[in-house]
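Position 1 is the first residue of the sequence, and the numbers go up from there. Excluded from the calculations below are hydrogen atoms, water molecules and symmetry mates; all remaining heavy atoms, backbone and side chain alike, are included.
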Amino acid sequence: MTPWRSPMLKRSGWLQGGFGLFNLAVGMMFYGFARVVDRAVMEPKVYGELVTGVPAEWWAEAIMAAQTLLMLGVIINGAWRWSPVLRVIGSFASIGIFGSFTLSAVTAVHGDFFVLCCGAMAVTYMVLFVFNVFDLVVAGYERR
């Protein structure tokens, strides 16, 4: 029996893989920068008070973990029956991370640009989350 292939990844696979790779690179650079610099990387004036209470390295690790799960789900694509679960978890975690950054930066004095960037990422991951939930449901029905 041939492995189940996601019909949604034919349309959005390049987008999910591209966003995953981009944000994985951003998370790696953010982690490296946070480890090298001696001062606070996340300023409350830009990021807001909500997220600056958590160390920057933890945020970078969360971004890298979410993007790794998302990209593994895109790469596996049906070779494992529940590979859409990886994409659902990765996109949902990305919504939480970028949504937290957006909500926190709304209250920041100089957070306007950050609100736009992270808000756009959160909305994009919401769309990808819907695609991935659809794939998860379809994979469950087609395998029966």
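- The minimum heavy-atom distance linking Ala34 with Glu57 is given by the pair O-OE2, 3.3 Å.
- Hydrophobic clustering of Ile, Leu, Val, Met, Phe, Trp and Tyr side chains at less than 4.5 Å, counting indirect connections, keeps Met28 apart from Ile75.
- Residues Ile63 and Val26 are not in side-chain contact: their nearest non-hydrogen atoms beyond the backbone lie 4.5 Å or more apart.
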| message | Apply side chain to side chain contact (heavy atoms under 4.5 Å, CB included) to residues Thr52 and Glu43 and explain how you reach the verdict. | response | CA-CA 7 Å; Thr52 55; Glu43 305 258 340; over 6 Å; no

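- Under the 4.5 Å side-chain heavy-atom criterion for grouping Ile, Leu, Val, Met, Phe, Trp and Tyr, Met126 is connected to Leu86 within one hydrophobic cluster.
- The CD1 atom of Ile76 sits 10.0 Å away from atom CZ of Arg87, with the distance rounded to the nearest 0.5 Å.
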Under 3.5 Å, which donor-acceptor pairs link side chains of residues 64-73 to any protein atom two or more places apart or in another chain?
| from | atom 1 | to | atom 2 | distance (Å) |
| --- | --- | --- | --- | --- |
| Gln67 | OE1 | Tyr125 | OH | 2.7 |
| Gln67 | NE2 | Ser94 | OG | 2.8 |
| Thr68 | OG1 | Met64 | O | 2.7 |

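- Enclosure of atom CZ in Phe92 is not indicated, since only 12 or fewer non-hydrogen atoms of other residues, nucleotides or ligands lie within 6.0 angstrom.
- Screening Val88, Val127, Ile89 for a side chain to side chain contact (heavy atoms under 4.5 Å, CB included) with Asn132, the sole residue that qualifies is Val88.
- Both Leu136 and Leu128 belong to a common hydrophobic cluster when Ile, Leu, Val, Met, Phe, Trp and Tyr are linked at side-chain heavy-atom distances under 4.5 angstrom.
- One finds the CE atom of Met29 at 10.0 Å from the CG atom of Leu24 (value rounded to the nearest 0.5 Å).
- Taking all atoms of both residues into account, the shortest heavy-atom contact from Trp59 to Val54 is NE1-CB, 3.4 Å.
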Enumerate donor-acceptor pairs with a distance under 3.5 Å from any side-chain N or O in residues 100-110 to protein atoms, sequence neighbours excluded.
| from | atom 1 | to | atom 2 | distance (Å) |
| --- | --- | --- | --- | --- |
| Ser100 | OG | Gly96 | O | 2.7 |
| Thr102 | OG1 | Phe98 | O | 2.7 |
| Thr102 | OG1 | Cys118 | O | 3.4 |
| Thr102 | OG1 | Gly119 | N | 3.1 |
| Ser104 | OG | Tyr47 | O | 2.6 |
| Ser104 | OG | Leu50 | N | 3.2 |
| Ser104 | OG | Val51 | N | 3.3 |
| Thr107 | OG1 | Ser104 | O | 2.8 |

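- The CZ atom of Phe131 sits 8.0 Å away from atom CD of Gln16, with the distance rounded to the nearest 0.5 Å.
- At a threshold of 4.5 Å between side-chain heavy atoms, the hydrophobic network of Ile, Leu, Val, Met, Phe, Trp and Tyr places Phe33 and Met42 in one connected group.
- Under the 4.5 Å side-chain heavy-atom criterion for Ile, Leu, Val, Met, Phe, Trp and Tyr, Val36 and Val41 are members of distinct hydrophobic clusters.
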